[in-house]
**Student:** 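I'd like to ask you about the structure that follows.
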Amino acid sequence: MRIFLALCVAALLCGSAAGQQKLLIPMDLRQSDHLKAYGIAYWALAQGMEIDWLLNYRGGSFMMDHSETVAAECRIRGVKDEQVSVGGVAEIYSEVQREDNNMDVVRLEKAPRVAVYVPPNFQPWDDAVTLALEYAEIPYEKVWDEEVLGGMLSRYDWLHLHHEDFTGQYGKFYASFAGASWYQDQQVLLENEARTLGFKKVSELKKAVAGRIKEYVASGGFMFAMCSATDTYDIALAAEGVDICAAMYDGDPPDADMQAMLDYGKCLAFTDFTLEKSPYRYEYSDIDQPPSDLLALQNPETDYFTLFEFSAKFDPVPTMLTQNHVNVIKGFLGQTTSFKRELIKSSVIILAEREGHDQVRYLHGNYGRGTFTFYGGHDPEDYQHAVGDPPTDLSLHKTSPGYRLILNNILFPAAKKKQQKT
Amino acid sequence: MERCCIRPLALATLLALIPAGMAPSQTPEAPPKFRHARAFEEAGDFERAAILYEELLAEDSLNVVYFQGLERVLLLLKRYDEAITHVQKRLSTTPQDLNLLASLGSLYYKSGRELEADEAWEQALSGNPADPQRYRIIANVMMENRLLEKAAETYRRGRIGCHDGNLFTLELAQLLAVSMDYRGASEEYLRWLRLNPAQLTFVQGRMGSYTWKEDGREAAIAAVRSALQEREDARLYELLGWLYLEGKIFEEAFDVFRHIDRMSQSQGMALLSFAGTAFQEGAYSVAASAYREAIEVPLPPAAMPSAKYGYANAMKELGRKEDTLQTAVSANVAPATGAQSRYSRAIAYYRQIIEEYPGSEFAVRSRYQIGTIQLEEFLDLDGALASFEQVVKDGGGLHLLLFDAVLKIGEIHVSRGDTAGARERFHLVATAPNALPDQIDQAMFLLAELEYFSGRFSEALERLRDISMNLAADYANDALEMQAFLQQAMGTSPDLLVELARADFLARQRDYGEAAALLRDAAEKGRGLPVADHALLRSAALEEALGRYDAAISTYERLLGESGGSAAALDRAQFHIGEVYEFGLRDAARAIEAYEKLLAEYPESVFGSVARKRIRHLRGDVF
């Protein structure tokens, strides 16, 4: 049946009135700038063009109608492209849709509207996702607590959570940076904002924001979180109605039996985690592996994680999210680096892990009509980023496989919804 | 008194002197129950600790330590109602206890009973409105509860209650700074400065915690300006000047330093110092004005030469900034339009310095500057030569400047076709033991060029090899490029190389017409060879430099059509076509077209990334 369909596709393509040539943007090792290639795909979508994402074909290549405009834009942005004849196109589609090939075609239809949840004093180079968006030239809008609570998330297809601490503990930087002016400013800003929005505590404000984001996902939104926005988000959901913050964060002690009061049923990805109660420890719970105060023991030379392979035909979503030109990727640390495997809910799909360890790097799940993806670590091309470090220059990492995973998530909402096969 | 009564009396006296509720830890052995309570508390078992503290308090109700222990664990357990009752019970015996009232208010606030919290604190404050300590204690407890505005209000109220408008200055300043009320914080620091005029540095240090931020600095400036309206104070001007310099607001800073100079009677020295700062920051116009004003004050005689030299330098930099017609393609070929008038003031001033301070370091430097302007801006070889030769004559102890002057003289000799004169000068610097490494490298490179001009290519290669050994050297890239060119040309067409060298020498002497003819000839003879590409590239570059843009484009296009196979020349030619359109003919559309053609036809070109940037810039792309 599939062969018949492939032949029909080929025939249609060959028989099309214009004999349309196509433009292929390869995403294998031949590509000179993978990150900007996503930008080209987004740009083409924004122009109203349709693009086929050829899952697992040459690293997840993009195919679209050829035009000199697109070809010129590829050249100007430094993205390699190949002109493909009508016959060549037919061959490619045949290959992709063959039964015995783990490949498939996903039609991308529209450029998703992207929002990034960031504080007012945010700089784009503070965050890996915005760095990637800026480099790939994908436009985005910024939202903050007022916009989230005001119901504005419905305007967007895709939401990225900045390195925000949804538990209201100011990133747990107290022990090292309590006296730093940026820390104090941040605390005052958030406290003022909480009061303005009608909350007595910052932790209460952040929980309310987390709840609204959950509603957004439930109603069909796509949420992507990195680093500490992953575990703190779920901890905030579980801690609804529970005070888990020490006095230096919210002015009063935490609930004595806070651990017992957590409701894991409200979490998206994690379960049965144990909170870190010491306010002086740079850690939120045991979700994060390895613990943040043991990062010095991690050897960058041996820190890699492996992408899982999925069936492109039966599991297009995880396949899209794991498109890459390599399947073993250099690790990188963050306030939350990886997730402890046994604390991940069974309904969640694990997309990548550090082999031989119980450390999951990348996961994905569904909630309601939407989805969420969590990616551990701070910056794929900065092994150990510290406060105040200079930003990463992505023009020096044009082929970064770690950054590709971020950009896979941005294009994924553009995909035409296919009937779920699993 | 009989001895039998003394001992009991002494003991009684001693006991009477021991205050009630003395901490058990002050006695040699704390009761076990207390130690257990502490242990439970430290282990986080607050429930058990609470039970033990209650029992201890029942046994010794006046004991402060037990009282505080119970209060603490009830708070940690968030049993606010019990804690409140506990404190109220204590208060019933000492109703005016300030710390108890503060604690009570805090407990009320934490339990969400804000009105009662305010009442408790109000009770504390109104007990003795003239007692500063009350306000401190209550403000502190408010700050612990992150009620920063309330705490500030309490301090302000304390000023009124204590009839002292200067109370709590530093506390308020710090609190307002943390609350990001930078205007308020600045006003408090200014109040402190008024009371402690010698502590300007201290105040600057404190304000520095927020004046590095633009909004912090603007607020501080507004506060100081407002204070200056009430009184003229040299310290306020110094503070304001510092703030403006932090924000690089030089025009305003200049105005302030005028005041500082006048008020401190520094005879222009404050202005001179400011002028130097402005010059280093590139604010040449302001620097020039400041130097001039300092000179006109007048400055003390010892400072005058330095000020005049600074002024002349600022004028020179202003002249350079006005030179907007200089483009990538036309530098150093002909004097830019209006060069004479732009630099005339600078030159006049340099000459004045030479006249007024003959033989001084500033005179020598001034003459060197004149020579540089004559050579680089006016292309006046005779004038420049005379200037540099005088520098060498007068040089004195400025040996590094002398070497630069000698190199310039050598370059002038090259421009005049006098290779012997040039060689002598370059050799002098190349072998000088106290010349800088960069100067030696430059001299070596210029000597290599001389060998090349004279047709001694092997000798040129030898000299270039020495320079290119140190890849960190400024001239390493130039040396490598010349080396590659010579090696290729010597291998394929040594005769044509001689003609190219002659053409390059003529071009250096600004005999562009003759040079261009020789290059065209070489290109013709060497058709099909890489050396022809070099000849065409150089010929086109000359056309560009002379402003003959259409001719330059034709030559580049001819190279593209006829290329002898030198791949490096093709993309360079295509790139230069784009540059000529962009900077010479100012035709953005054609420039974009040319750059796009480079990307399409030479995808691996080293000029690709620059071409992409130029396209994005010409298109007005936001990213």
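Quick note: numbers below take in every heavy atom, side chains included, and nothing from hydrogens, waters or symmetry partners. Model, not experiment: these values are computed from the prediction.
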**Student:** Ignoring hydrogens and angles, state whether a donor on the side chain of Glu137(A) or Tyr42(A) is under 3.5 Å from an acceptor on the partner side chain.
**Tutor:**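 Side-chain D/A pair, Glu137(A) to Tyr42(A): absent.
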**Student:** Sort Asp255(A) into side chain, backbone, both or neither according to what part of it lies under 4.5 angstrom from a heavy atom of chain B.
**Tutor:**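 Both backbone and side chain.
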**Student:** Give, as side chain, backbone, both or neither, the part of Leu75(B) having an atom under 4.5 angstrom from any heavy atom of chain A.
**Tutor:**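 Both backbone and side chain.
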**Student:** Output the option from Ala71(A), Ala256(A), Gly78(A) having the highest count of non-hydrogen pairs under 4.5 Å with chain B.
**Tutor:**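 Top option by heavy-atom pairs under 4.5 Å: Gly78(A).
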**Student:** Identify which part of Glu73(A) has an atom lying under 4.5 Å from any heavy atom of chain B, answering side chain, backbone, both or neither.
**Tutor:**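 Only the side chain of Glu73(A) comes within 4.5 Å of chain B.
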**Student:** Quick one: of Ala72(A), Pro253(A), Gly251(A), Pro254(A), who has the most non-hydrogen atom pairs under 4.5 Å with chain B?
**Tutor:**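 Heavy-atom pair counts peak at Pro253(A).
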**Student:** Tell me, out of Ala247(A), Ser395(A), Ser181(A), Cys74(A), who's got the most heavy-atom pairs with chain B below 4.5 Å.
**Tutor:**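 The answer is Ser181(A).
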**Student:** Is the gap between the ring centers of Tyr183(A) and Phe177(A) under 6.0 Å?
**Tutor:**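 No, the ring of Tyr183(A) stays outside the 6.0 Å limit from the ring of Phe177(A), centre to centre.
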**Student:** Less than 4.5 Å to any heavy atom of chain B: does that hold for the side chain of Lys277(A), its backbone, both, or neither?
**Tutor:**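 Neither part, no heavy atoms under 4.5 Å.
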**Student:** Between the side chain of Gln31(A) and the main-chain N/O of Asp33(A), is any donor-acceptor distance below 3.5 Å?
**Tutor:**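 Indeed, once roles are kept as given, a pair shorter than 3.5 Å links the two residues.
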**Student:** Tell me, side chain or backbone of Lys213(B) under 4.5 Å from chain A's heavy atoms, or both, or neither?
**Tutor:**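 It is the side chain, since no backbone atom gets that close.
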**Student:** Hey, would you say the Tyr182(B) and Tyr210(B) ring centroids sit under 6.0 Å apart?
**Tutor:**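 They qualify: ring centres under 6.0 Å apart.
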**Student:** If you count heavy-atom pairs under 4.5 Å between each of Glu596(B), Lys613(B), Glu47(B), Arg619(B) and chain A, which one has the most?
**Tutor:**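 Most pairs with chain A among the choices: Arg619(B).
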**Student:** Does a donor on one side chain and an acceptor on the other come within less than 3.5 Å for Arg404(A) and His325(A)?
**Tutor:**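 Short answer, yes.
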**Student:** In terms of side-chain geometry, is the basic nitrogen of Lys597(B) or Glu593(B) positioned less than 4.0 Å from the acidic oxygen of its partner?
**Tutor:**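 Between Glu593(B) and Lys597(B) there is no salt bridge, as every charged N stays at least 4.0 Å from the carboxylate O atoms.
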**Student:** Please verify the inter-ring angle class for Tyr595(B) with Phe575(B); under 30° counts as parallel, over 60° as perpendicular, anything in between as tilted.
**Tutor:**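 Geometry flag for Phe575(B) against Tyr595(B): tilted rings.
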**Student:** With a 4.5 angstrom heavy-atom cut-off, which part of Arg195(A) approaches chain B: side chain, backbone, both or neither?
**Tutor:**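 When you check distances to chain B, only side chain atoms of Arg195(A) fall under 4.5 Å.
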**Student:** Measure the acute angle between the ring planes of Tyr170(A) and Tyr249(A), then classify it against the limits of 30° and 60° as parallel, tilted or perpendicular.
**Tutor:**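 Ring orientation, 0 to 90° scale: tilted.
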**Student:** Top residue by heavy-atom pair count (under 4.5 Å) with chain A, among Met180(B), Arg146(B), Glu144(B)?
**Tutor:**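 Of the candidates given, the most pairs with chain A belong to Arg146(B).
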**Student:** For Lys78(B), is it the side chain, the backbone, both, or neither that has a heavy atom closer than 4.5 Å to a heavy atom of chain A?
**Tutor:**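 Looking at Lys78(B), just its side chain touches chain A.
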